[in-house]
Amino acid sequence: MITQTTKDYLVRLLKKEERRDGRKLDEFRKVMIEKDIGENAEGSARVRIGNTEVIVGIKMQVGEPYPDKPDEGVMITMCEFLPMASSSFEAGPPGEDEIELGRVIDRGIREGKVIDTKKLVIVPGEKVWTIFVDIYVVNDDGNLYDAAAIAAMAALTVTKIPKLDENHEIIEGEYEGKLPLNHTVISLTAYKAENVIFLDPTHQEESIIDSRLTVGVREDGKIVSLQKGMEGSWTEEEIIKSIEMLQKKAKPFIKQVVK
Amino acid sequence: MITQTTKDYLVRLLKKEERRDGRKLDEFRKVMIEKDIGENAEGSARVRIGNTEVIVGIKMQVGEPYPDKPDEGVMITMCEFLPMASSSFEAGPPGEDEIELGRVIDRGIREGKVIDTKKLVIVPGEKVWTIFVDIYVVNDDGNLYDAAAIAAMAALTVTKIPKLDENHEIIEGEYEGKLPLNHTVISLTAYKAENVIFLDPTHQEESIIDSRLTVGVREDGKIVSLQKGMEGSWTEEEIIKSIEMLQKKAKPFIKQVVK
Amino acid sequence: MITQTTKDYLVRLLKKEERRDGRKLDEFRKVMIEKDIGENAEGSARVRIGNTEVIVGIKMQVGEPYPDKPDEGVMITMCEFLPMASSSFEAGPPGEDEIELGRVIDRGIREGKVIDTKKLVIVPGEKVWTIFVDIYVVNDDGNLYDAAAIAAMAALTVTKIPKLDENHEIIEGEYEGKLPLNHTVISLTAYKAENVIFLDPTHQEESIIDSRLTVGVREDGKIVSLQKGMEGSWTEEEIIKSIEMLQKKAKPFIKQVVK
Amino acid sequence: MVKKIKRSDGRAPDELRKPYIIKAGVVKRAQGSALVQSGKTIVIAAVYGPKKVIPKHLEDRDKAILRCRYNMITFSVKDRKKPGPDKRSVEISKVIANALSRVVMLEEYPRTLIDVDLEVIQADAGTRVAALTAASVALADAGIAMKDLMPAVAAGRANGQILLDLTKEEEDAEDAVDMPFAYIPSTGEITLLQMDGIVDLNEIKKMIDLAKKGAQQIYELQVKALKERYAALATLSEVVK
Amino acid sequence: MVKKIKRSDGRAPDELRKPYIIKAGVVKRAQGSALVQSGKTIVIAAVYGPKKVIPKHLEDRDKAILRCRYNMITFSVKDRKKPGPDKRSVEISKVIANALSRVVMLEEYPRTLIDVDLEVIQADAGTRVAALTAASVALADAGIAMKDLMPAVAAGRANGQILLDLTKEEEDAEDAVDMPFAYIPSTGEITLLQMDGIVDLNEIKKMIDLAKKGAQQIYELQVKALKERYAALATLSEVVK
Amino acid sequence: MVKKIKRSDGRAPDELRKPYIIKAGVVKRAQGSALVQSGKTIVIAAVYGPKKVIPKHLEDRDKAILRCRYNMITFSVKDRKKPGPDKRSVEISKVIANALSRVVMLEEYPRTLIDVDLEVIQADAGTRVAALTAASVALADAGIAMKDLMPAVAAGRANGQILLDLTKEEEDAEDAVDMPFAYIPSTGEITLLQMDGIVDLNEIKKMIDLAKKGAQQIYELQVKALKERYAALATLSEVVK
């Protein structure tokens with residue numbers, strides 16, 4: 001789809017620390033966060049980064065706890081690249097790219113202890129809230145990882161817990177209150193091509209990327225997750241430098257997302 | 001499988017309102033209905049229309065109601081074209097043709113309120129009868145829709161409800177009585193080729209068909225379902241005329257099926 | 001993989017009642033049985049026959065009885081040829097060869113009444129032990145049937161029943177005692193090529209085989225199962241002769257496996 | 001013909017829901033796309049193709065294969081929809097593809113595949129007709145040769161009244177009838193017709209007549225959406241991308 | 001050899017169930033077909049092929065692939081059978097295909113596929129042998145080159161007696177043994193042999209002998225069914241179709 | 001740098017588990033294979049290929065496809081693992097394949113497939129790094145062209161201590177951090193890096209440094225395993241197989 005000529009051009013630019021759309025290496029495209037975009041979700045958000053669009057819906061169901069964690073709610077993260085999102089256009093069970101993205105976002109939220117899962121118990125050992133974090137990629141113009149991470153966190157901030165009747169069945173349209181959150185985590189990703197590290201690539205720029213490093217950053221500055229993706233490699237220095245950069249970059253998103 | 005020459009010949013005939021086997025446009029082949037053809041089903045029937053053969057079995061199991069309908073039994077319709085039924089010979093999960101056929105038959109029975117589902121409750125909100133309507137196409141010589149609709153209705157008319165013990169387990173070989181039916185519905189189908197509308201095509205005739213219109217007709221003359229199938233289109237007049245024709249045609253089948 | 005020249009050579013040898021590795025027709029390669037090879041299984045064993053390697057693990061879970069056998073435990077046998085086991089290297093749901101092997105081993109154990117399933121009831125009609133017999137082929141150098149049969153029986157002989165707490169949940173690391181066994185069954189297999197019957201083929205020798213006959217032999221000399229496999233045929237005399245031979249051959253394995 | 005009794009959302013019986021929005025070009029990567037919003041129902045359509053058929057033995061040497069996927073996202077409905085196709089979505093995908101085949105000039109693109117993805121983002125009844133309405137706009141936006149656009153709308157009955165474009169609340173009425181309908185105004189061809197519920201022939205006639213009028217209004221919105229899209233593109237191309 | 005004690009259905013130990021019916025040509029669309037009814041067990045077999053192998057890389061350049069599907073329909077048994085293959089049906093399909101390979105001249109049809117569909121319409125034990133019996137008649141009816149027909153029958157033991165063609169009731173006996181068996185009478189070849197249950201060698205011999213005699217009877221019914229089928233076809237062709 | 005406080009299994013914080021065993025050539029049929037045992041964790045790797053890609057349209061004309069399957073056998077863990085891939089194993093298979101691509105000279109084998117099977121026989125934490133460690137030995141054993149071997153190990157934190165090669169017991173600590181890590185000692189390239197748990201940058205640095213040292217030790221064991229394998233093969237070839 002993307003010609004070798006285009007790729008060569010992008011590489012030449014990058015080596016001069018330049019980008020086709022004039023951005024700096026660490027500069028994001030315009031990021032738009034909309035919350036409460038779906039009436040039938042307990043929480044939802046749409047994030048656009050340039051032309052990239054990701055929507056996330058949070059659904060809550062009464063379920064069973066894991067046997068080894070009888071006093072905690074359950075979180076299940078699902079990621080689907082809608083066929084419309086890109087020209088690969090594949091319907092079917094989730095592929096490895098969808099699974100990796102879903103699991104990386106999941107780990108950021110889970111390891112950062114974002115949700116106060118102890119408060120999601122309905123009957124200890126028997127009934128707890130199951131929280132579905134459903135991520136849909138609507139349009140892929142690069143940097144899905146960051147769009148998904150921001151959208152998932154944004155959707156959680158507006159999620160309400162449904163009210164239950166005496167049989168523990170959901171009363172439609174009524175809510176107990178907001179989903180209790182302990183923390184805010186945003187995972188951001190550094191990308192590497194030709195030994196240059198930069199942020200927020202477009203779909204075109206992704207065609208020349210060797211590797212990515214996703215870092216889960218919490219509002220208290222803690223790192224809660226790392227994931228090196230793709231075939232390229234990193235030096236220790238590159239990793240440390242990237243983490244430092246993303247810790248800083250995450251701050252305004254963390255602020256913006258809880259607004 | 002069917003040559004262009006044959007197709008052309010069938011089209012020429014049809015334009016003269018003639019058919020290869022001498023039938024009139026609205027004339028059915030011989031329809032044979034046999035009931036109680038399977039000892040292990042709670043109800044069953046075989047319908048032959050010419051060489052077309054469809055068998056239907058009704059199985060009843062103790063199951064759970066749908067959460068939004070705690071005081072009603074559940075009906076599940078399944079349709080499988082046996083590999084032997086035609087030269088396409090495909091085993092595997094149901095394809096879209098099987099799904100459409102199953103759902104059209106299902107809708108006729110469901111929307112026509114044939115089964116008195118309120119009488120299928122065992123323990124309100126907890127245990128109800130699940131009725132499986134399992135449709136198998138054994139030989140496809142055209143007009144599967146009508147054969148399946150007649151067979152499903154015929155099988156329901158002879159269905160018995162098993163007796164339950166105190167633990168709500170089925171006592172094999174004993175029955176409470178007949179499945180309570182409120183209505184009789186037969187779905188019949190009009191087929192269209194070259195702007196000629198006719199009934200009960202053979203497999204050969206189906207090769208020239210553009211479209212079909214299935215109409216669910218109840219014993220009180222009410223229409224309970226419609227389904228336009230295939231790629232062709234219909235004018236309003238054609239639809240109204242076809243519905244009127246099928247309302248009339250359904251009457252003898254409705255009588256025959258309850259005998 | 002195996003050339004026609006090799007096959008022709010093996011056939012010529014066999015017709016002279018000879019084998020490439022110098023064994024007699026009814027001679028096994030070295031059989032090594034190791035028990036308790038997996039810490040996380042309730043019982044386990046590894047069997048090597050020459051280069052063939054099969055491992056079996058027994059896992060026990062609290063489950064429900066079959067409705068028609070409320071007072072018996074449940075046994076489920078699964079067989080997977082690991083992709084590494086041979087050059088066909090296929091991952092995915094079990095294929096027909098894996099299913100046949102698993103079912104043949106299962107039948108020997110089941111029909112020989114090896115496990116005292118009546119003693120596996122926890123709450124009659126509600127909770128019983130489910131015993132998973134999981135067979136993995138690690139390296140296929142022929143005669144998987146015998147390796148799997150010996151490994152499954154060996155693993156059962158060292159299986160322990162976990163201790164349960166008052167809620168019928170497994171207490172990790174504690175055991176009630178040994179799985180109660182009534183009998184010992186070893187299934188052994190006769191192979192046939194060019195009308196010569198022989199035992200324990202290598203992978204190379206299997207390339208010239210027409211058929212196999214697996215015979216389940218119990219410690220009391222009873223035959224508990226038969227399975228003719230593959231496309232070839234047998235005369236009655238060949239069958240009787242093979243059963244007699246395998247009855248004898250099974251004795252030392254039965255002794256060895258209970259040690 | 002239709003009595004002017006107000007509905008729970010204040011509409012006349014023969015009125016489309018408000019808002020009723022059609023917008024082309026909403027999915028940037030796609031060759032063509034469209035969004036349809038009918039009240040609370042929101043559907044996005046996107047088109048990729050014509051493209052190579054893989055595996056090759058599935059291709060049709062006389063025409064393009066038109067493949068539709070109708071899908072509800074998990075949080076489009078109150079009870080979380082399990083991901084993946086179910087029987088309902090397989091049937092709807094099929095009737096939509098069948099209807100579209102009447103306007104898309106598939107014979108212009110032999111041995112190729114045209115993929116149409118239809119995603120229900122929010123569901124409040126009428127999702128299949130919204131999807132079909134969006135699909136033909138998306139196909140036109142993709143520059144696929146078409147004989148005409150194809151508007152689709154449901155007519156039905158609730159509480160004794162014949163109504164256009166029913167909401168979920170209306171569909172839940174005791175006497176509800178739902179009749180999804182698609183139509184080519186220029187030729188009078190009805191290309192999708194389904195119905196659930198107990199009616200007589202006279203009511204069917206009324207529903208079809210009502211649906212035709214609704215389809216005509218939707219057709220105009222489809223044309224308008226494409227004009228706005230072309231205008232936007234023209235402006236864009238003047239500016240030079 | 002077999003004592004003449006009556007069974008619950010009044011049969012002698014060495015007697016086939018009544019009715020025992022074989023009929024060829026029961027599925028009109030198929031190239032060949034047959035029905036076998038053994039008491040309450042009813043199986044239909046149908047054959048399509050030789051035909052092209054898709055995808056091509058699966059074809060065998062030396063011979064035809066013989067593919068069998070043994071399937072129980074949902075209402076063939078008391079407890080509704082879940083649709084789709086399970087491990088049991090996969091194994092039975094395999095042993096049936098293996099047995100048939102002994103009589104079908106596959107090398108006559110290189111690079112092709114022969115499909116055999118075996119549907120258990122009603123099950124009362126002995127379904128796999130009924131299916132195999134039906135399959136070779138259906139293959140012959142389809143005009144596929146064969147060395148011979150292949151009758152199949154189960155022998156076994158119940159209540160201390162060695163019995164032919166067991167019913168489900170007999171299979172449920174405490175001491176039951178079931179031995180499905182297929183045989184080529186002209187050559188004495190045993191092509192399918194399975195067994196469940198606790199026996200000694202002497203009993204196996206008795207069961208095999210009994211099964212051979214049963215197979216011989218079934219063989220004659222197979223031949224008769226094909227003759228009737230040919231006669232019917234001949235009559236038909238005289239009349240001119 | 002790392003305080004010398006003993007762990008529950010008696011190790012120093014910067015010590016690999018005992019035994020830590022690498023052995024090449026353990027799966028006879030495979031082109032190459034290796035076993036890694038790290039304490040109670042046991043993983044076997046085997047390699048088949050380069051081989052033909054089926055279906056052909058999946059092949060890459062510029063290089064080999066490296067396909068990894070990471071799988072836990074059912075009885076590798078206390079709670080029986082359901083057979084078949086889950087999301088975790090799909091992700092791990094992918095990150096392992098990605099890491100290996102850095103050392104395997106895939107461009108030497110265009111239009112082919114190299115299959116790497118990684119079976120976790122027993123799991124006590126650190127299975128993915130054991131699998132990756134085994135994989136590069138197995139690839140070398142198979143004679144696949146490689147730039148270097150790639151040792152992998154986890155570093156982490158438990159009970160306030162930065163630790164190498166954590167056990168499951170340590171991973172279950174309240175403050176546990178797990179950081180799987182793979183490394184090419186000769187170039188300093190980090191090829192696999194994941195992390196779960198709450199840390200600051202300083203701790204990450206410490207964990208990476210510790211992991212590098214662990215990897216260096218493992219690298220030597222990898223080389224040793226291959227040398228032993230070659231020696232054994234040499235002996236074998238002198239004897240003449």
Side-chain angles (χ1 to χ4, degrees), chain B residues 66-68 76-79 93-104 106-108 110-114 182-183 185 192 195 210-218 220-248, chain D residues 63 66-70 78-79 85-104 106 147-148 150 155 172 174-184 187-209 211-212:
Chain B
Y66 288 118
D68 55 339
I76 295 171
T77 304
M78 191 273 303
C79 176
E96 56 178 32
D97 291 338
E98 288 159 293
I99 287 173
E100 188 187 3
L101 176 47
R103 282 179 59 84
V104 168
D106 183 277
R107 276 210 292 271
R110 189 182 300 276
E111 297 297 329
K113 301 192 188 302
V114 167
N182 288 325
H183 291 287
V185 166
K192 190 177 157 187
N195 290 317
D210 300 317
S211 190
R212 61 178 142 72
L213 178 70
T214 302
V215 180
V217 180
R218 207 159 73 169
D220 55 6
K222 292 286 186 187
I223 313 301
V224 301
S225 59
L226 294 176
Q227 177 90 347
K228 195 229 89 175
M230 301 172 67
E231 300 188 358
S233 66
W234 297 68
T235 64
E236 182 172 353
E237 294 65 40
E238 288 170 337
I239 289 168
I240 300 301
K241 194 184 119 190
S242 298
I243 294 174
E244 282 176 330
M245 172 168 63
L246 295 175
Q247 273 180 313
K248 273 185 216 127
Chain D
K63 59 180 205 293
L66 181 70
R67 189 169 63 177
C68 290
R69 135 159 161 150
Y70 164 97
K78 272 288 168 206
D79 285 329
D86 55 16
K87 287 185 175 182
R88 177 179 171 275
S89 66
V90 169
E91 185 201 348
I92 293 177
S93 298
K94 188 181 184 224
V95 296
I96 288 177
N98 282 342
L100 287 173
S101 299
R102 202 68 200 166
V103 287
V104 180
L106 298 172
K147 293 180 202 150
D148 205 342
M150 185 189 289
D172 287 345
E174 187 67 25
D175 70 335
V177 174
D178 180 38
M179 190 191 78
F181 176 92
Y183 186 59
I184 311 174
T187 63
E189 288 173 90
I190 295 165
T191 53
L192 181 142
L193 183 72
Q194 300 183 292
M195 195 207 68
D196 291 341
I198 302 160
V199 292
D200 55 34
L201 190 57
N202 194 37
E203 287 174 303
I204 292 175
K205 284 181 199 163
K206 282 186 191 161
M207 291 191 294
I208 292 178
D209 289 336
K212 280 185 178 177

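Bear in mind the structure is a predicted one, so any value in this text is a computation, not a measurement.
Side-chain contact check for B:Arg218 versus D:Ile198: some heavy-atom pair is nearer than 4.5 Å. For the pair D:Gln194 and B:Arg103, the minimum side-chain heavy-atom distance is 4.5 Å or more. Looking at D:Asp79 and B:Asp68, their side chains never come closer than 4.5 Å, going by heavy atoms from C-beta outward.
With respect to chain B, the highest number of heavy-atom pairs below 4.5 Å among D:Thr191, D:Val199, D:Val90, D:Leu192 belongs to D:Val199. With chain B as the partner, the residue from D:Ser101, D:Ala97, D:Ala99 showing the most heavy-atom pairs under 4.5 Å is D:Ser101.
Between the CD atom in B:Glu231 and the CG atom in D:Leu106 there is a gap of 7.5 Å [rounded to 0.5 Å]. The CG atom of D:Asn202 sits 9.0 Å away from the CD1 atom of B:Ile240 when rounded to the nearest 0.5 Å. Here the NZ-CD1 distance, from D:Lys205 to B:Ile239, works out to 12.5 Å after rounding to the nearest 0.5 Å. Atom OG1 of residue B:Thr214 and atom CG of residue D:Leu193 lie 10.5 Å apart, to the nearest 0.5 angstrom. Taking OG1 from B:Thr77 and NZ from D:Lys87, the interatomic distance works out to 7.5 Å, rounded to the nearest 0.5 Å.
No part of B:Arg110 comes within reach of chain D, as not one of its non-hydrogen atoms sits under 4.5 angstrom from that chain. For a residue to count as touching a neighbouring chain, one of its non-hydrogen atoms must lie under 4.5 Å from one of that chain's; by this rule B:Ile223 touches chain D with backbone and side chain alike. For a residue to count as touching a neighbouring chain, one of its non-hydrogen atoms must lie under 4.5 Å from one of that chain's; by this rule D:Val95 touches chain B with the side chain only.
Residues D:Gly197 and B:Glu111 share a closest heavy-atom pair of N-OE1, 3.4 Å. D:Ile190 approaches B:Thr235 most closely through the heavy-atom pair CD1-C, 4.1 Å. For the pair B:Glu236 and D:Asp209, the tightest heavy-atom approach, listed with the atom from each and the gap, is OE2-OD1, 3.0 Å. Taking each heavy atom of D:Leu201 and B:Glu244 in turn, the nearest pair found is CD2-CG, 3.1 Å.
At most 12 heavy atoms of other shown residues, nucleotides or ligands fall within 6.0 angstrom of atom NZ in B:Lys113. The environment of D:Lys147 atom NZ is dense: over 12 non-hydrogen atoms of other residues, nucleotides or ligands sit within 6.0 angstrom. Heavy atoms of other residues, nucleotides or ligands lying less than 6.0 angstrom from CD of D:Glu174 number 12 at most.
For the salt bridge (charged side-chain N to carboxylate O under 4.0 Å, His left out) condition, the pairs that include at least one residue of residues 93-102 of chain B, sequence neighbours left out, are B:Asp97-D:Lys94, B:Glu100-B:Arg212, B:Glu100-D:Lys94.
With sequence neighbours left out, the side chain to side chain donor-acceptor pair (under 3.5 Å) criterion links B:Lys192 to B:Glu238.
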